Structures are given as structure tokens and as C-alpha cells.
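Fair warning: this is a prediction, and the values are worked out from it, not measured in the lab.
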Amino acid sequence: MTSADTSVRFLEPDGSFAPTPDAEPYREIVDALDDDALAQLYRDMAVIRAFDHQATLLQRQGQLALWPPSLGQEAAQVGSARATRPQDAVFPSYREHAVLRIRGVDPVNVLALMRGTTHGGWDPSDPANGNTRLYTLVLGTQTLHATGYAMGLNLDGRAGTGDVDADEAVVVYYGDGAASEGDVHEAMVFAASYNTPQLFFLQNNQWAISVPVSTQAKVPLVERSAGYGIPSVRLDGNDVLASYAVSRMQLDEARTGGGPRAIEAVTYRLGAHTTSDDPTKYRTREEEESWERRDPIARMRAFLENRGASGSFFADVDAEGEALAVDARDRVVKMEGPSPDSMFAHVYTDPHPLMERQAAWLAEYEASFEGGEA
């Protein structure tokens, strides 16, 4: 277990490759990445940032009700998502846009959710969506869902055989604010007790809306999971190589019978908590600039340039990001809203008299307006 006052890091902010002592156990995993794999990590981060920027613009222009930016957290998400195996289950919070795209979810489905044209966004049972569960805005609840699912994997004999290509694992994402929720701690109790094949992936972006992590915890957050007997590692969340290597090892140890694992990825939310938030009210420009100098995408770009990556490669990545952003805009503005009846359709598994009465009331209410629609 990495001690709380140290951190796994391979890349310095200037892009130089300088593994910390704590990174050495994961060095073999990083060394095994070829040029194409390294380029893909950069591509994933840069393309999702272009999408994220477009989503923010769409919200500002009234096309979305809300948007939670992932600006600055790309390395933590991309590294961990690329470390998963196809058979794994992913339980996101509500900011894991890069994770979703890597697992196969169309990111425009997230925009549909934030626009209010869907109640969920995508079908988790569709293989095309990479066994990725829905976003949740209820802080911490996904950790309980993930733990229950992981317990089921053990009971069904789908983990713990020692075969990394067949054994299944679960990764659940949550933030530093959610780390103070009771659901998270209850999930860790059950995970430790039942030796679940799962990874708790904490993205510590320093702020729970306007509350700094220093107020939330007097010790590094990695010590919370460690306190439950869960092997826990603290890493530089702005280093995509660290995120990938540690996540790959942790997931494989969990899936093959080692029990739950935990990561605290120390990163920073460069943007607002959501587009309803104004971070200038609670943090300084000096703080933001200090983290901008540790930007995960600029760091990886410098690393690739030092390895000889061409200008045409970066131009191609920029073009892919722009194409994704344009496609997202075009599709969002054409979305139609759901029918009023859809809000009653999935509350209960079977027809329910309460839902029928509410649907009838709404129909009568709307019919009372001129034109028959509210």
C-alpha cells in the first residue's frame, strides 16, 4: 500500500519521464505500452475535452439544462478506463464522460440526459455500451450498487479463478465530496467483508462544489479506504500513465481473488462544478493557474513530442475532436422531448393505479389549456 504522503507518478508536469519511487512496482505495465497505445491515451483525453467544451457552450446557449465539465480530470478517467478489460462493469458518477466514450457509450446520450429528452441516457444491458451503468446525481449511491454487483460476481463464480482474461471486476467512480457520504463507507464495509472484485476509484478534484477537501478531511482521503483494510494507492491524477498502470494492476488483483482495491487520484477540477456554479466565488485565480501548469493533456503531449510524435498526429487528433463536437451540436439541437406519458412508464414494473391517476390528471390539466397543451 502506498503511504498517504507519497504518490505514484511517471510524468512530470513538463512531460519528462521521471518515475517516483512509488511508481516502480508499476513500471513494467507502462513499459509494455507501445507507441500506438500511448498515442491513444492522448487522443482519448484531447477528443473528450473538445466534446466537453462544446457541451458547456450548448448549455450556455440554452440547449442543455445543466452540464458537469470534466475539464482537468481527463488523465484520471482515460487511464483508468483504458485499464479495464472488456468483461468489466463500470459504475460512473456524473462526470465520467471520457470513461463512457472509451467503454462504447455514445457521448451524445449524456447530452440527451442533460437536455431532459431521456430519463436515463443509454441502455446498460446493450453490449455496445460496454457494461456501463447510468450516471447518478445522488452522491455515493453508485458505490453501493457497484458493491452489490461485485458480491454477485463472487456468488456466481465469475471472479477469482485466476484468469485475468475471464474473471470479471467492477470499477466505481466517485469524488472527494461523495467520499464523505455514508453510502461510500457502507459500501466499503461490505466490499471488505465479502472480498469483492472491485476497484473504488476516487477522483479527488479538491473541491466538493465550494467546500475544499481540507475541510472535508484532516488526513489524505486514501487513508479512509485503507482504514477498512482495503489496499489503497494514491497517485498523480493528472498523469495518465500512472492512472493506467495502477488501475490495471489493482483491477487484475481484485478480479483474481485479491479482494477490493482503492485509488485516490489527486487531480483538479479546472472548470465549474456544473454550469450552475461560479468557482470565482470560492477559489483564487492563483490556485487555478498553479493547476493549469499541471494540465494532463499538455503533459502527455510534451511526453509524446519528446518521443518524436509528429505535428500531423496532433492535427489529426484536433480534427477528430472538432468533428465530435460538431456532430454533438448537430444532433442535440434536433432532439425532440419525451412524451408526457413517459414520466409514468417506468416508476413501477407493472401497471399501478397511482400512476394511472396521475397520468389521467396530467392529461386533463393539459387539455384545459387553449390548444390542449400546457
Does one side chain, of Thr274 or Tyr94, offer a donor that lies under 3.5 Å from an acceptor on the other?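 There is no such pair (donor and acceptor under 3.5 Å, judged by atom type) between the side chains of Thr274 and Tyr94.
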Side chains of Asp14 and Ser16: any donor to acceptor distance under 3.5 Å? yes
Point-to-point distance, once rounded to the nearest 0.5 Å, from OG of Ser276 to CD of Gln59: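 So the gap between those two atoms works out to 8.0 Å.
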Mind checking the CZ-OG1 spacing from Phe190 to Thr147? Nearest 0.5 Å is all I need. 9.5 Å
List the steps, then state whether ring pair (Phe, Tyr, Trp, His ring centres under 6.0 Å) holds for Tyr26 with Phe10. CA-CA 10 Å; Tyr26 311 96; Phe10 288 92; 7.4 Å; no
Within 6.0 angstrom of [X] [atom1], more than 12 heavy atoms from elsewhere:
{"X": "Gln61", "atom1": "CD", "value": "yes"}
{"X": "Phe344", "atom1": "CZ", "value": "yes"}
{"X": "His185", "atom1": "NE2", "value": "yes"}
{"X": "Phe314", "atom1": "CZ", "value": "yes"}
{"X": "Glu364", "atom1": "CD", "value": "no"}

Kindly work out whether a path of hydrophobic side-chain contacts (I/L/V/M/F/W/Y, heavy atoms less than 4.5 Å apart) joins [X] to [Y].
{"X": "Val219", "Y": "Tyr228", "result": "no"}
{"X": "Trp207", "Y": "Phe201", "result": "no"}
{"X": "Leu155", "Y": "Phe91", "result": "no"}

Plane angle bin for His352 and Tyr348 - parallel if under 30°, tilted between 30 and 60°, otherwise perpendicular: parallel
Look at [X] together with [Y] and state whether they make a salt bridge at an N to O cut-off of under 4.0 Å.
{"X": "Arg43", "Y": "Asp316", "value": "yes"}
{"X": "Arg85", "Y": "Asp167", "value": "no"}
{"X": "Asp52", "Y": "Arg49", "value": "no"}
{"X": "Asp330", "Y": "Lys334", "value": "no"}
{"X": "Arg285", "Y": "Glu292", "value": "yes"}

Under the 3.5 angstrom rule, does the side chain of Glu74 hit a backbone N or O of Met45 as a donor-acceptor pair?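 No, Glu74 side chain to Met45 backbone: no donor-acceptor pair under 3.5 Å.
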Within the distance-only criterion (no hydrogens, no angle test), does the side chain of Arg95 pair as donor or acceptor with the backbone N or O of Pro69 below 3.5 angstrom?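 Pair found, side chain donor or acceptor close to backbone of Pro69.
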Could you walk me through whether Asp88 and Arg255 pass the salt bridge (Lys or Arg N to Asp or Glu O under 4.0 Å) check? CA-CA 9 Å; Asp88 293 341; Arg255 80 175 71 254; 2.6 Å; yes
